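So you know, we letter chains A, B, ... as the sequences are listed, proteins then strands, and number each from 1. All of these numbers come straight from a predicted model, not from anything done at the bench.
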Amino acid sequence: MQVSIAGQAVEAHAGESFGEVLARGLSKKKMKDVVAVRCGDRLLDLFKPLEPGCDGVEPVFADSPAGLDVIRHSAAHVMAEAVKKLFPTAKVTIGPSVENGFYYDFDYERPFTPEDLEAIEAEMRAIVAADHPFRCRVASRAAAEELFGGMGEDYKLELIRDLGAEQYSLYTQGGFTDLCRGPHAPGTGLLGAFKLLSVAGAYWRGDEKNKMLQRIYGTAWATEKELKAYLHRLEEAKRRDHRKLGVALDLFSFSDEAGPGMVIWHPKGALVRTILEDFERKEHLKRGYHIVQGPQILKQELWEKSGHYDNYRENMYFTAIDETGYGVKPMNCLSHMLIYKSRLRSYRDLPLRYFELGLVHRHERSGVLHGLTRVRAFTQDDAHLICRPDQVQGEIIGVIEFVRDVMGLFGFEYELELSTRPEKSIGSDADWELATTALETALKTVGLPYQINEGDGAFYGPKIDIKLKDALDRRWQCATIQCDFTLPERFDLVYTDSDGERRRPVMLHRVILGSIERFLGVLIEHFAGAFPTWLAPVQARVLTVTDAHDAHAGAVKNFLAARGVRVEADLRNEKLGYKVREAQVEKVPYVLVVGDQEVESGGASVRLRGENLGSRSLEEVAALIAADCAEPFKRGGMSYRFDSCASAV
RNA sequence: GCCAGCGUAGCUCAGUUGGUAGAGCAGCUGAUUCGUAAUCAGCAGGUCCGGGGUUCAAGUCCCCGCGCUGGCUCCA
């Protein structure tokens with residue numbers, strides 16, 4: 001019979017494996033990098049015998065996404081083998097591949113130590129060096145139960161019981177056999193580029209009611225070079241850590257005395273925030289939003305009415321005033337609804353877009369707090385769009401375009417995800433259908449690619465999540481657009497339609513940056529602390545060579561400040577090199593040196609982020625900075641007025 | 001909240017088998033007047049996270065809190 005390999009016809013004989021056939025169509029060198037084969041949409045082992053139905057076969061190379069998956073999964077098996085060898089009483093559970101690597105969960109009587117990890121890794125290297133082949137066999141349910149039961153592998157028995165199938169595939173390499181769907185690499189010798197990273201706790205089957213297991217994480221790549229690159233990326237992420245940079249750049253701090261998850265903004269950080277918030281206010285007004293503001297605490301009764309008291313109570317802070325219960329707001333929607341209800345609304349009034357930079361408090365579980373990206377008090381750039389059903393789609397398009405513009409401004413790539421109805425949800429089928437269609441049609445209209453997350457919507461409506469990708473290709477959930485069927489119902493929101501009938505409006509919750517805190521945390525890491533000039537707390541610093549130049553430095557500072565530049569002067573009696581270094585470390589974009597020559601010429605010597613641009617007139621410097629500030633806005637077709645938050649003259 | 005690790009000066013970190021706390025940077029004072037990433041000297045700086053315990057003696061060992069870090073679960 002004939003098999004097509006990557007479009008090329010190759011003769012195959014009955015009983016041959018995929019690998020054997022493939023070897024005739026590929027060079028020896030290429031063949032070494034093949035870890036599995038793709039047949040249709042199935043991935044199969046190289047060592048499996050050719051299947052009659054498979055007449056078109058594609059090799060899966062180690063460095064392809066699917067190939068990496070196979071390598072990582074196989075590495076997990078090798079790790080389990082090593083652990084069982086070193087710690088025979090450890091019980092194995094599951095061990096899949098994940099983004100960038102793999103893990104395996106074990107149940108063992110004592111915690112694994114870093115020394116254990118080293119020993120496990122060394123054992124793994126020995127297994128890799130021995131290059132044991134992976135083999136697969138199919139066992140009946142009874143045989144599988146007998147095998148794992150005999151080994152005391154209770155977790156595997158539970159998996160078999162829950163899967164409830166009649167047959168199970170078992171993969172063996174060396175002396176280790178695991179219940180597994182496969183496929184696997186042809187041999188352990190292919191798994192050279194790996195490293196174990198950490199041990200962490202993880203609940204059996206992800207349920208916190210279950211026993212906590214020990215999860216060992218590792219990373220694995222097709223080549224040593226890629227492994228190095230990944231480890232380097234981890235280092236780079238550490239270097240950019242916003243928690244470190246926040247202290248180094250004096251932007252913000254956390255204090256035990258204030259409480260965990262409570263950000264304290266220092267002058268420079270608060271200034272960056274303010275600039276960002278000013279930008280948001282302007283953009284929202286431009287797009288037809290109304291800026292509103294509600295109180296920080298609202299009566300408990302109101303939270304009961306909204307359903308937050310029943311569904312979100314554990315995450316809320318409560319207080320009492322004159323024996324009346326109050327809840328600190330975890331969301332901004334309630335006062336926005338009260339504004340809507342403050343008078344009768346006509347169909348002509350809609351859509352109404354209420355925007356609030358709303359400070360919310362959420363009592364997040366202590367273990368989830370993380371720098372600025374997960375806090376207990378944060379400000380959302382929150383808006384609620386209340387509109388007629390026929391306006392939903394247009395509103396969603398408007399929001400997606402808003403997100404697109406803002407992400408472009410910061411140079412973020414992003415991914416869109418549409419989340420549909422979850423099992424536990426409220427609202428009629430018709431409502432869900434309408435809203436989900438509106439979201440999807442809007443996505444199609446804007447023409448951006450998106451993924452569908454089946455069943456991942458909120459219980460009160462479908463949503464679009466936007467995940468931005470930062471400079472290190474990490475994904476962050478920031479913007480989200482959510483349809484809501486409950487609140488208009490519960491608060492009996494209505495408008496009078498053109499025919500005089502009272503109708504129910506649709507409500508959309510949406511954020512663009514998500515939370516100012518998280519977004520700034522992401523921005524700090526994205527830019528490694530070096531904010532674009534329009535956002536930099538200090539845009540320019542004037543440095544004197546000696547105190548003979550103080551007067552000119554003052555003049556330079558005043559000249560720029562009067563033109564809206566956030567500028568300061570460093571007149572300290574220090575060597576120029578020292579002051580340059582300090583400005584550079586503090587990521588001040590423009591360093592303006594003044595010495596005898598500049599006093600003479602009346603200008604300044606410009607150093608932009610480490611690059612010496614030479615001597616310029618003050619007009620040139622001001623124009624340079626202004627253009628630098630406006631550049632990201634121009635790129636996205638947005639306007640920028642260069643006078644936001646200038647320093648005092 | 002759960003599992004594990006960690007907590008020493010503003011920051012980064014030393015601190016032997018338990019014997020009474022140290023460096024660099026930053027700060028202050030003085031000298032130095034200097035051209036694009038660190039001038040020199042001196043001074044000051046500590047509830048060794050908090051509270052109990054063991055001990056003649058605890059930064060060090062034990063227990064209980066609190067906080068942080070990495071995960072799990074949850075999420076902007």
Phosphate OP1/OP2 of B:rC75 contacted by A:His370 side-chain N/O (<4.0 Å) = no
request  = Return the set of residues passing side-chain contact (heavy atoms from CB on, under 4.5 Å) with A:Leu618 (not counting sequence neighbours), or none when no residue passes.
outcome  = A:Val556, A:Phe559, A:Ala604
key: Distance under 6.0 Å and angle within 45° of ring axis: A:Arg313 vs A:Tyr309   = yes
query = Can you name the residues that form a side chain to side chain donor-acceptor pair (under 3.5 Å) with A:Tyr230, not counting sequence neighbours?
reply = none
task = Under the ring pair (Phe, Tyr, Trp, His ring centres under 6.0 Å) rule, collect the residues that match up with A:Phe459, sequence neighbours excluded.
result = none
Who pairs with B:rA14 - Watson-Crick or G-U, where each distance is under 3.5 Å = none
query = Any side-chain donor-acceptor pair under 3.5 Å between A:Gln584 and A:Arg607?
reply = yes
remark   = Expected string for nucleotides 2-10 of chain B under the B/S/- scheme (protein heavy atoms, under 4.0 Å, primed atoms plus P, OP1, OP2 as sugar-phosphate) is BBS------
Tabulated below should be each protein N or O lying under 3.5 Å from an N or O of nucleotides 40-45 of chain B; please produce it.
none

Contacts of type side chain to side chain donor-acceptor pair (under 3.5 Å), residue A:Glu417, not counting sequence neighbours = A:Asn453, A:Lys467
Considering only distance and modelled atom types, tabulate donor-acceptor pairs under 3.5 Å from the side chains of residues 243-254 of chain A, sequence neighbours left out.
from     : atom 1 : to       : atom 2 : distance (Å)
A:Arg243 : NE     : A:Asp241 : OD1    : 3.0
A:Arg243 : NE     : A:Asp241 : OD2    : 3.3
A:Arg243 : NH1    : A:His370 : ND1    : 3.4
A:Arg243 : NH2    : A:Asp241 : OD2    : 2.5
A:Asp250 : OD1    : A:His266 : ND1    : 2.8
A:Ser253 : OG     : A:His266 : NE2    : 2.8

query = Can you check whether A:Arg376 has a side-chain N or O nearer than 4.0 Å to OP1 or OP2 of B:rC74?
reply = no
message = Restricting to side chain to side chain donor-acceptor pair (under 3.5 Å), what partner residues turn up for A:Glu611, sequence neighbours left out?
response = none
key: Side-chain-base donor-acceptor pair under 3.5 Å for A:Arg365 and B:rU73   = yes
message = Regarding A:Gln380 and A:Ser515, do their side chains bring together a donor and an acceptor under 3.5 Å, going by distance alone?
response = no
request  = Using the six-membered ring for Trp and the full ring for Phe, Tyr or His, decide whether A:Phe378 stacks on the six-membered base ring of B:rA76 (centres under 5.5 Å, planes under 30°).
outcome  = yes
message = One thing to verify: whether A:Asp207 and A:Arg205 come together as a salt bridge, which I'm taking to mean a side-chain N less than 4.0 angstrom from a carboxylate O.
response = no
note = Hits for side-chain contact (heavy atoms from CB on, under 4.5 Å) against A:Asp154, two or more places apart or cross-chain, chain-then-number order -> A:Lys91
ask   = A:Val593 has a side chain; which of B:rC34, B:rG35, B:rC75 sits nearest to it?
value = B:rG35
ask   = Mind checking what makes side chain to side chain donor-acceptor pair (under 3.5 Å) contact with A:Ser601, not counting sequence neighbours?
value = none
remark   = Here the residues of residues 544-552 of chain A within 4.0 Å heavy-atom distance, strictly under, of RNA chain B are A:Val545, A:Thr546, A:Asp547
request  = Please list residues of residues 405-413 of chain A whose heavy atoms come under 4.0 Å from any atom in RNA chain B, ordered by number; otherwise none.
outcome  = none
ask   = According to the Watson-Crick and G-U wobble definitions, with both distances under 3.5 Å, which nucleotide is paired to B:rC48?
value = none
message = Heavy atoms from C-beta onward define the side chain here; which of B:rG35, B:rG67, B:rU12 lies closest to that of A:Glu598?
response = B:rG35
ask   = To the side chain of A:Tyr578, which of B:rA76, B:rC68, B:rG27 is closest?
value = B:rG27
query = How would you label the contact of A:Arg510 with the nucleic acid (heavy atoms, under 4.0 Å): base, sugar-phosphate, or nothing?
reply = nothing
Nearest listed nucleotide, side chain of A:Glu364, among B:rA37, B:rA76, B:rG35 = B:rA76
